[in-house]
Colleague: 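What follows is a structure written as structure tokens; I'll ask about it next.
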Amino acid sequence: MIQVQAIGRSDVGKVREANEDAFHVGDSVYAVADGMGGHVAGEVASHTALQPIVALDGRVFADAETATAALRDAVVAANEAVVTKAADDPSYRGMGTTLTAVMVEGRRAHVAHVGDSRAYILRDGGFSQLTTDHTLVQRLIDQGRLTREEADRHPQRSVITRAIGVDPVIDVDAMSFDLDPGDVLLLCSDGLTGPVEDDMIADLLDNEDVDEVAKGLVDAAIEAGAPDNVTVVVLRVDGLPNTEQPPAGETVQVRTRPDSGDGADWASRLGRVGRLSEDHTGGVFTADNTGRSGPGRPNRLTAIIVAVVLLLVLVLAGGRFLLSRSYYVGLDGDVVTIFQGVPASIGPVDLSWEFEATDLRRDDLPAHLVDDVEAGVPVTSAEDARILVDNWVVDDDTTG
Ligand code: CA
């Protein structure tokens with residue numbers, strides 16, 4: 001058997017009154033969730049989101065693709081669970097959570113991720129971030145409009161663009177790769193990565209005692225003021241199973257991305273949720289070289305049917321209430337507008353409506369953003385939408 005030492009540690013920090021983070025350290029599954037939504041709701045969101053992940057613990061899968069898909073499906077199920085709970089109880093309205101999970105199976109690690117909690121790896125002294133933050137500042141970095149250093153000090157650095165429990169449809173980033181003996185994986189909430197620099201995190205991970213590592217990381221955040229809840233899960237690979245599998249080739253990397261404005265219809269967008277992409281319409285897909293094929297059409301069809309039925313049920317049974325908790329920025333004619341709902345329709349039923357028009361016009365938008373806005377840029381709240389739009393205005397006035 002593969003030998004993994006793992007430990008989790010969470011601290012309320014020095015400013016917050018409650019700990020809304022949650023984590024799971026199991027036999028094969030490890031996760032961190034960072035809840036939001038205020039008193040009690042944040043805790044409920046993070047703990048609820050962990051349940052479908054915990055249910056995978058100890059399960060064995062036929063191949064890497066199936067395992068990655070199962071982990072991503074569990075994140076989709078986590079989203080449904082939090083969305084449902086928030087709809088059922090008004091005191092939970094508006095709650096959400098990040099979710100970053102790792103499943104170790106055979107000699108592979110599978111990672112699934114939504115939000116700004118991170119997964120890192122330390123291998124042969126090289127330290128790298130496996131996940132991409134779903135944050136406003138990361139979006140600006142990707143667009144070349146902000147450096148990482150600027151992002152670290154940006155006043156809106158904690159605004160996330162994707163979270164579990166906010167929208168009935170969720171895009172999940174997922175990947176898998178071969179582990180090596182000596183690899184150290186870290187899952188953590190932004191209560192660590194906000195106050196503690198990457199260099200220091202890398203130094204602290206370079207230690208064979210995972211208990212000391214976890215303690216050291218949390219202590220470093222506390223010494224830096226711990227403005228937020230701090231949660232870390234540390235895994236160290238001590239040995240690998242002898243398997244008949246071919247030697248590690250290229251890794252399978254699957255990343256589902258939100259639509260980039262190619263006019264894809266609602267059903268095909270749904271079909272991209274919770275499955276490995278065989279085609280290349282959705283994002284990056286690098287096949288491994290073992291000649292295995294993906295799960296194919298049946299899974300995709302099932303995912304579409306389940307999603308469409310679920311959506312119809314939601315729409316019929318008060319879907320407007322659920323949709324009213326989702327926002328996006330799009331275009332109403334030439335006017336940049338904040339919409340409630342999601343940028344789609346089912347037959348004649350429109351799934352969004354205008355929430356607030358802005359002063360910005362299509363022509364005011366930076367050219368590279370027009371396509372994104374046309375397709376609809378999802379945000380977690382009206383406030384985030386206003387911040388996003390303000391950023392476009394500010395960016396237009398300055399050259400930074
Ligand atoms: Ca946090």
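Numbers here are sequence positions counted from 1. Please read all numbers here as calculations on a predicted model, not as lab measurements. Both ligands and their constituent atoms are indexed starting at 1 by order of listing.
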Colleague: Between R59 and E105, does any NZ, NE, NH1 or NH2 come within less than 4.0 Å of an OD or OE carboxylate oxygen?
Modeller: no

Colleague: Hey, is there an N, O or S on D190 sitting under 3.0 Å from the Ca ion (ligand 1)?
Modeller: yes

Colleague: Please determine if the Ca ion (ligand 1) has an N/O/S atom from D228 lying under 3.0 Å away.
Modeller: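 True for D228.
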
Colleague: Are D334 and R362 ion-paired here, with the side-chain N under 4.0 Å from a carboxylate O?
Modeller: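 Yes, charged N to carboxylate O under 4.0 Å.
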
Colleague: Pairs in or reaching into residues 212-226: which pass side-chain hydrogen bond (donor to acceptor under 3.5 Å, both in side chains), with residues at least two apart or in two chains?
Modeller: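 Of all non-adjacent pairs touching residues 212-226, those that pass side-chain hydrogen bond (donor to acceptor under 3.5 Å, both in side chains) are N207-E212.
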
Colleague: With a cut-off of 3.0 Å, does D34 put an N/O/S atom close enough to the Ca ion (ligand 1)?
Modeller: yes

Colleague: Could you identify which residues cluster with F339, counting Ile, Leu, Val, Met, Phe, Trp and Tyr as linked when any side-chain heavy atoms lie under 4.5 Å apart, either directly or through a chain of such contacts?
Modeller: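 Same cluster as F339: Y328.
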
